Amino acid sequence: MSTFGYRKELKKNEEVDEDELLATLSSEELQELERELAVLDDNVPIGLRQKDQTAKIPTGTFDRDALMKYWEDENKKLVEDERMEDRQEGRQDKSRGEGVTVTTVTPGKTSDSDRKKMSPKGKRAQNVSSENDAKEDQTEKKDECKKEAPIRIKCPLKDGLSKVSKGELKTTETTEQNPNTISDRASGNTIVIDETLKQILSNDPTVSEVNLNNIEDISQETLLCFPEALCTNTHVHVFSLANTHADDRVAFAVSKMLRENRFIRNLNIESNFVSGQGILALIAALQHNQSLVELRFHNQRHICGGKVEMEMVQLLRENTTLLKLGYQFDLPGPRMTSTSILTRNQDQQRQRRLQEKKEHNPPEESADIFKDLKNTLKPSIQKRRDEPTHLPPPQRSGRDDLMAAIRGSSIGSLKRVDLSQA
């Protein structure tokens, strides 16, 4: 883009007489020009050569506590407004369902006809009294909820197996909701929770696997009953509770179960709400457990972090039976260390298996095993030489017999033959 026209305009300004322009300015304009020139600084860029025109008072330094208090107050106001709207809608729906318009007159409330005749002061007093009544209603409702709240239970199946029903396994949260409600997504898991829990408590030998995967509507108290029941079970080898919204309480209960149970071999607690403390409790329990060979706890809601991963590796060093770990480490150091630990455990497991096999087999069989192993390590040429020929001898022809007779005869045994007679 050409700048010829712009330069031409600048040349026009060079010919302007500054004295004539100053003479045409009034006294007020001259004072304003002086103020502008006083603020002007040659070292400041042209885009920043302007005075501060903000009229707001400075707020001072940053105060985190004041900001947090402001947010909490605003949040409380929003919650109270929503509750008031829900309460008013509920009253309107109730009155519509009954088909009767109810007008209640209280000392702090008036009807519509009286409201029109009321003065502004009376309206203000009415608003204050209505707010007080709303607060009293909220407190009364909270007291009623506390009185009507059911008592929490630990595990009802411990007291008696014959007196248990499905309703007794529900927690406080599920009893306050509609008992007929189910999860929006079908879990696809056909397990019957009550019957399975009874079979675990009775140590039923037909139950070797407990699969609670993808049951999202199961309560935390019900989940806590399963590790408690598995503490004394001797037939269950696989325990899975992936995607069941299990939290740290369930993780701590499972860690207690691992300390007492010696028959669980596979544990899956993936895709839940377990934090780093719960995972560390699970791994710490492996120091007292020599039967678990596979542990999976990946894809949790909470991120473990580097510090927790380092502590995981330190705890895994003391375990020698874990062979599979279902977790993806974020840091490369703990990832390589855990891989080496699992490789070490697998080598020790293989050595123990060979030692047990050697102890169970007789000495002759063990000698045959070593002989076969020695033969497998020989070169292929030496194998061909040492291999015994088990094939039947080939058929001999007349020429082969003649040559064998010649090789076995001597010169003295030969006879002279007359060729003419032959």
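Everything numeric here is computed off the predicted structure, so don't read it as measured data.
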Do any N or O atoms from the side chain of [X] and from the backbone of [Y] form a donor-acceptor pair under 3.5 angstrom?
{"X": "Asn268", "Y": "Leu295", "value": "no"}
{"X": "Asn203", "Y": "Asn233", "value": "no"}
{"X": "Asp204", "Y": "Val207", "value": "no"}
{"X": "Glu34", "Y": "Glu29", "value": "no"}
{"X": "Asn345", "Y": "Leu323", "value": "no"}
{"X": "Ser291", "Y": "Arg265", "value": "no"}
{"X": "Asn272", "Y": "Val274", "value": "no"}
{"X": "His235", "Y": "Thr206", "value": "no"}
{"X": "Thr222", "Y": "Ile218", "value": "no"}
{"X": "Asn261", "Y": "Ile264", "value": "yes"}

Any side-chain heavy-atom pair from [X] and [Y] closer than 4.5 angstrom?
{"X": "Phe239", "Y": "Leu212", "answer": "yes"}
{"X": "Thr320", "Y": "Arg344", "answer": "yes"}
{"X": "Arg87", "Y": "Glu82", "answer": "no"}
{"X": "Phe329", "Y": "Met312", "answer": "yes"}
{"X": "Leu267", "Y": "Glu294", "answer": "no"}
{"X": "Val236", "Y": "Phe263", "answer": "no"}
{"X": "Glu72", "Y": "Asn75", "answer": "no"}
{"X": "Leu224", "Y": "Val250", "answer": "yes"}

**Report entry** Gln355-Arg352 side chain donor-acceptor pair, cut-off 3.5 Å
**Finding:**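 No pair is found: no donor N or O on one side chain lies under 3.5 Å from an acceptor on the other.
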Query raised in the report: So, Ser271 and Asn299: side-chain donor and acceptor under 3.5 Å apart, yes or no?
Result: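 Yes - a donor-acceptor pair under 3.5 Å links their side chains.
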Where do [X] and [Y] come nearest, in terms of heavy atoms and distance?
{"X": "Gln287", "Y": "Leu315", "answer": "NE2-CD2, 3.2 Å"}
{"X": "Thr244", "Y": "Gln220", "answer": "O-NE2, 4.1 Å"}
{"X": "Ser255", "Y": "Ala285", "answer": "O-CB, 3.4 Å"}
{"X": "Leu282", "Y": "Ala251", "answer": "CD2-O, 3.6 Å"}
{"X": "Val254", "Y": "Pro227", "answer": "CG2-CG, 3.8 Å"}

Is it the case that atom [atom1] in [X] sees more than 12 heavy atoms from other parts of the structure closer than 6.0 Å?
{"X": "Glu32", "atom1": "CD", "value": "no"}
{"X": "Ile303", "atom1": "CD1", "value": "no"}
{"X": "Glu74", "atom1": "CD", "value": "yes"}
{"X": "Glu195", "atom1": "CD", "value": "no"}
{"X": "Gln277", "atom1": "CD", "value": "no"}
{"X": "Arg259", "atom1": "CZ", "value": "yes"}

**Report entry** Tyr327 and its side chain to side chain donor-acceptor pair (under 3.5 Å) partner, picked from Arg335, Arg296, Glu309
**Finding:**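 With Tyr327 as partner, Arg335, Arg296, Glu309 yield a single side chain to side chain donor-acceptor pair (under 3.5 Å), made by Glu309.
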Report task. Only one of Lys77, Lys69, Lys76 passes side chain to side chain donor-acceptor pair (under 3.5 Å) with Asp73; say which it is. Result ->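 It is Lys69, the one option of Lys77, Lys69, Lys76 that forms the side chain to side chain donor-acceptor pair (under 3.5 Å) with Asp73.
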Query raised in the report: Passes side-chain contact (heavy atoms from CB on, under 4.5 Å), Phe226 versus Leu241? Steps please.
Result: CA-CA 10 Å; Phe226 279 91; Leu241 58 160; over 6 Å; no
Query - Glu270: partners by side chain to side chain donor-acceptor pair (under 3.5 Å), with sequence neighbours left out - result: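 For Glu270 there are no side chain to side chain donor-acceptor pair (under 3.5 Å) partners, ignoring immediate neighbours.
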Spacing of [X] atom [atom1] and [Y] atom [atom2] [to the nearest 0.5 Å]:
{"X": "Leu322", "Y": "Ile341", "atom1": "CG", "atom2": "CD1", "answer": "9.5 Å"}
{"X": "Ser219", "Y": "Ile193", "atom1": "OG", "atom2": "CD1", "answer": "8.0 Å"}
{"X": "Met310", "Y": "Cys304", "atom1": "CE", "atom2": "SG", "answer": "14.0 Å"}
{"X": "Asn289", "Y": "Ile283", "atom1": "CG", "atom2": "CD1", "answer": "13.0 Å"}
{"X": "Leu201", "Y": "Leu197", "atom1": "CG", "atom2": "CG", "answer": "5.0 Å"}
{"X": "Ile279", "Y": "His302", "atom1": "CD1", "atom2": "NE2", "answer": "9.5 Å"}

Query raised in the report: Step by step, would you call Ser275 with Asp248 a side-chain hydrogen bond (donor to acceptor under 3.5 Å, both in side chains)?
Result: CA-CA 6 Å; Ser275 65; Asp248 284 343; 2.5 Å; yes
**Report entry** ring-ring contact (aromatic ring centres under 6.0 Å, His included): pairs with one or both residues in residues 270-293, sequence neighbours excluded
**Finding:**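 Checked against ring-ring contact (aromatic ring centres under 6.0 Å, His included) - neighbours excluded - the pairs reaching residues 270-293 are His245-Phe273.
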Report task. Give the C-alpha distance, both sets of side-chain angles, the deciding distance and a yes or no for salt bridge (Lys or Arg N to Asp or Glu O under 4.0 Å) between Arg350 and Asp347. Result -> CA-CA 5 Å; Arg350 183 171 59 255; Asp347 292 339; 2.7 Å; yes
Report task. Evaluate the side-chain hydrogen bond (donor to acceptor under 3.5 Å, both in side chains) criterion for residues Asn214 and Asn243: first the C-alpha distance (whole Å), next the side-chain angles of each, then the deciding distance (0.1 Å), finally the verdict. Result -> CA-CA 5 Å; Asn214 302 322; Asn243 192 22; 3.2 Å; yes
Report task. Mind running side-chain contact (heavy atoms from CB on, under 4.5 Å) on Leu325 and Leu342 for me, showing each step along the way? Result -> CA-CA 8 Å; Leu325 184 66; Leu342 295 178; 4.0 Å; yes
